[in-house]
Number of protein chains: 2
Amino acid sequence: MAQTGEIDFDNLHTLLGYHLRRAQVAVFKNFAEAVGAEDISPGLFGALTIIGGNEGLSQNDLAGALALDRSTLVSVIDKLEQRTLVERRKAETDRRRHALHLTDTGRDMLKRLKSKVAEHERNIAKDLSEAERNVLIDLLRRLYGGNGE
Amino acid sequence: MAQTGEIDFDNLHTLLGYHLRRAQVAVFKNFAEAVGAEDISPGLFGALTIIGGNEGLSQNDLAGALALDRSTLVSVIDKLEQRTLVERRKAETDRRRHALHLTDTGRDMLKRLKSKVAEHERNIAKDLSEAERNVLIDLLRRLYGGNGE
DNA sequence: TATTGTTATACTCTATAACTATA
DNA sequence: TATAGTTATAGAGTATAACAATA
């Protein structure tokens with residue numbers, strides 16, 4: 001019977017989607033190790049980062065930035081609020097909206113996370129030169145139609 | 001209030017993980033459109049491809065090849081078997097094992113899928129030269145430690 | 001009427017632990 | 001004892017549809 005080492009992968013190894021998934025699994029695993037006891041996912045870190053850079057934004061704004069449905073954002077903010085990292089304040093100008101703010105705890109955690117995530121980035125790209133890393137980001141961006149900064 | 005276009009993404013756009021996720025979402029969406037009425041996910045296509053290239057392999061072999069737990073493989077094969085694309089045959093040499101085989105329907109579908117997936121690959125990489133596409137695959141591979149073919 | 005946030009619900013993908021049958 | 005497959009269960013991540021409050 002075929003052993004794992006002898007498996008014929010046919011054309012699977014020629015497909016971008018295959019390598020994207022493998023790379024993402026590896027990167028997410030490394031992310032989890034890098035943040036360790038902070039115990040946060042890339043998605044929640046992204047939400048925290050954007051709230052930190054845009055205090056007072058609405059859930060709709062954040063959903064748009066993260067390309068998530070606004071119903072999905074509810075549970076994202078629920079999680080962050082349960083951990084006292086973020087708070088919903090009633091927006092005064094439009095009482096349908098929640099203005100999202102980091103708590104002091106959230107700000108501290110974000111600061112710690114940023115240095116851990118920076119280390120994580122160096123770690124996953126340790127076999128790539130700085131130029132190669134930039135090429136990789138550029139090529140990925142062209143895959144999904146993202147513009148430069 | 002901040003609009004989506006004015007959001008400050010801070011350092012998020014400098015992170016490989018961010019672009020990987022965005023690229024993967026775009027690629028998976030395009031995959032779904034490309035296979036259309038065949039209605040199959042990249043994961044099931046991968047399983048089908050490996051079974052097609054290794055008829056008679058066991059569920060354990062396949063789990064290893066796809067880097068999935070063997071309990072996860074059960075539901076993968078359940079789905080493929082419910083659609084009459086794959087069948088479990090009792091391995092004669094070791095009656096604990098299931099030898100996985102494509103049905104005629106599965107073989108036909110795999111053949112159709114391969115051309116649709118090839119088109120999908122051309123489509124997602126349409127803004128990349130052949131050389132750039134190869135560089136991208138090489139760089140992704142170095143992110144997860146994958147060797148050459 | 002339209003928008004913001006919420007709830008209820010559901011689906012996909014994945015894993016761990018305990019079980020059965022075989023080896 | 002160890003392995004192959006299964007089941008029960010759980011959790012993350014995501015979406016759609018319907019709803020209340022507000023605009």
Side-chain angles (χ1 to χ4, degrees), chain A residues 1-4 17-18 20-22 24-26 28-29 31-32 35 39-47 51 56-83 86-100, chain B residues 1-4 17-18 20-22 24-26 28-29 31-32 35 39-47 51 56-83 86-100:
Chain A
M1 201 59 32
Q3 305 303 303
T4 300
Y18 174 81
L20 274 173
R21 173 182 169 267
R22 295 289 305 262
Q24 190 167 32
V25 167
F28 275 37
K29 186 175 298 182
F31 184 98
V35 300
D39 189 31
I40 198 160
S41 67
L44 292 186
F45 170 72
I51 296 170
L57 87 171
S58 72
Q59 294 186 192
N60 245 8
D61 293 335
L62 183 54
L66 295 173
L68 296 176
D69 188 83
R70 67 191 200 283
S71 69
T72 303
L73 233 293
V74 173
S75 67
V76 169
I77 302 301
D78 283 351
K79 281 174 199 145
L80 295 175
E81 208 171 34
Q82 276 156 26
R83 293 172 63 170
V86 162
E87 60 184 31
R88 290 165 159 111
R89 298 186 196 155
K90 273 291 177 196
E92 304 204 342
T93 51
D94 182 341
R95 286 166 53 227
R96 290 172 306 183
R97 291 184 174 228
H98 285 156
L100 301 176
Chain B
M1 200 59 33
Q3 305 302 304
T4 300
Y18 173 82
L20 274 173
R21 173 184 168 265
R22 294 288 306 263
Q24 190 168 30
V25 167
F28 274 37
K29 186 175 297 180
F31 185 98
V35 301
D39 189 31
I40 199 161
S41 66
L44 292 186
F45 170 72
I51 296 169
L57 88 171
S58 72
Q59 293 185 194
N60 246 7
D61 293 334
L62 183 54
L66 295 173
L68 296 175
D69 187 85
R70 66 192 201 282
S71 68
T72 303
L73 232 293
V74 173
S75 68
V76 169
I77 302 301
D78 283 351
K79 281 176 199 143
L80 294 174
E81 207 172 34
Q82 275 157 26
R83 292 171 65 170
V86 163
E87 61 184 30
R88 288 165 160 113
R89 299 187 196 154
K90 273 291 177 195
E92 305 205 341
T93 50
D94 181 343
R95 286 167 53 228
R96 291 172 305 183
R97 291 184 174 229
H98 285 156
L100 301 175

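Bear in mind that the values here come from a model prediction, so they are computed numbers and not experimental data. Just so we're on the same page: letters track the sequence lines, and every chain starts at 1.
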Tell me the closest heavy-atom pair linking [X] and [Y], and the distance in Å.
X      : Y      : result
R95(A) : K90(A) : O-NZ, 3.3 Å
D39(A) : R83(A) : O-NH1, 2.9 Å
L80(B) : A47(B) : CD1-CB, 4.0 Å

Using atom [atom1] of [X] as one end and atom [atom2] of [N] as the other, report the distance to the nearest whole Å.
X      : N       : atom1 : atom2 : answer
L44(A) : dG13(D) : CG    : C1'   : 10 Å
D94(A) : dA21(D) : CG    : C1'   : 11 Å
K90(B) : dG5(D)  : NZ    : P     : 8 Å
N60(A) : dT6(C)  : CG    : C1'   : 12 Å
L73(A) : dT16(D) : CG    : P     : 14 Å
D69(B) : dT6(D)  : CG    : P     : 13 Å
I40(A) : dG13(D) : CD1   : P     : 10 Å
Q59(A) : dG5(C)  : CD    : C1'   : 6 Å

Using only side-chain N and O atoms of [X], determine if any of them is under 4.0 Å from OP1 or OP2 of [N].
X      : N       : value
T72(A) : dA15(D) : yes
S41(B) : dT12(C) : no
R88(A) : dT6(C)  : yes

D61(A) side chain to S58(A) side chain, donor-acceptor N/O pair below 3.5 angstrom: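 Checked: D61(A)/S58(A) side chains pair up, N/O donor to acceptor below 3.5 Å.
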Polar side-chain contact R96(A)-dT3(C) base: donor and acceptor under 3.5 Å: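 Under the 3.5 Å cut-off, the side chain and the base do form a donor-acceptor pair.
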Options dG13(D), dT16(C), dT16(D), nucleotide nearest the side-chain atoms of S71(A):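 Selected nucleotide (nearest to the side chain): dT16(D).
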Closest nucleotide among dT14(C), dT22(D), dG5(C) to the S75(B) side chain: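 Selected nucleotide (nearest to the side chain): dT14(C).
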Earlier contact from the 5' end, DNA chain C, for K79(B) and R70(A):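 That would be R70(A).
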Nearest-nucleotide 5' precedence on DNA chain D, V74(B) against R21(B):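 Nearer the 5' end of the strand: V74(B).
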Side-chain donor or acceptor of Q59(A) paired with backbone N/O of H98(A) under 3.5 Å: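 No, Q59(A) side chain to H98(A) backbone: no donor-acceptor pair under 3.5 Å.
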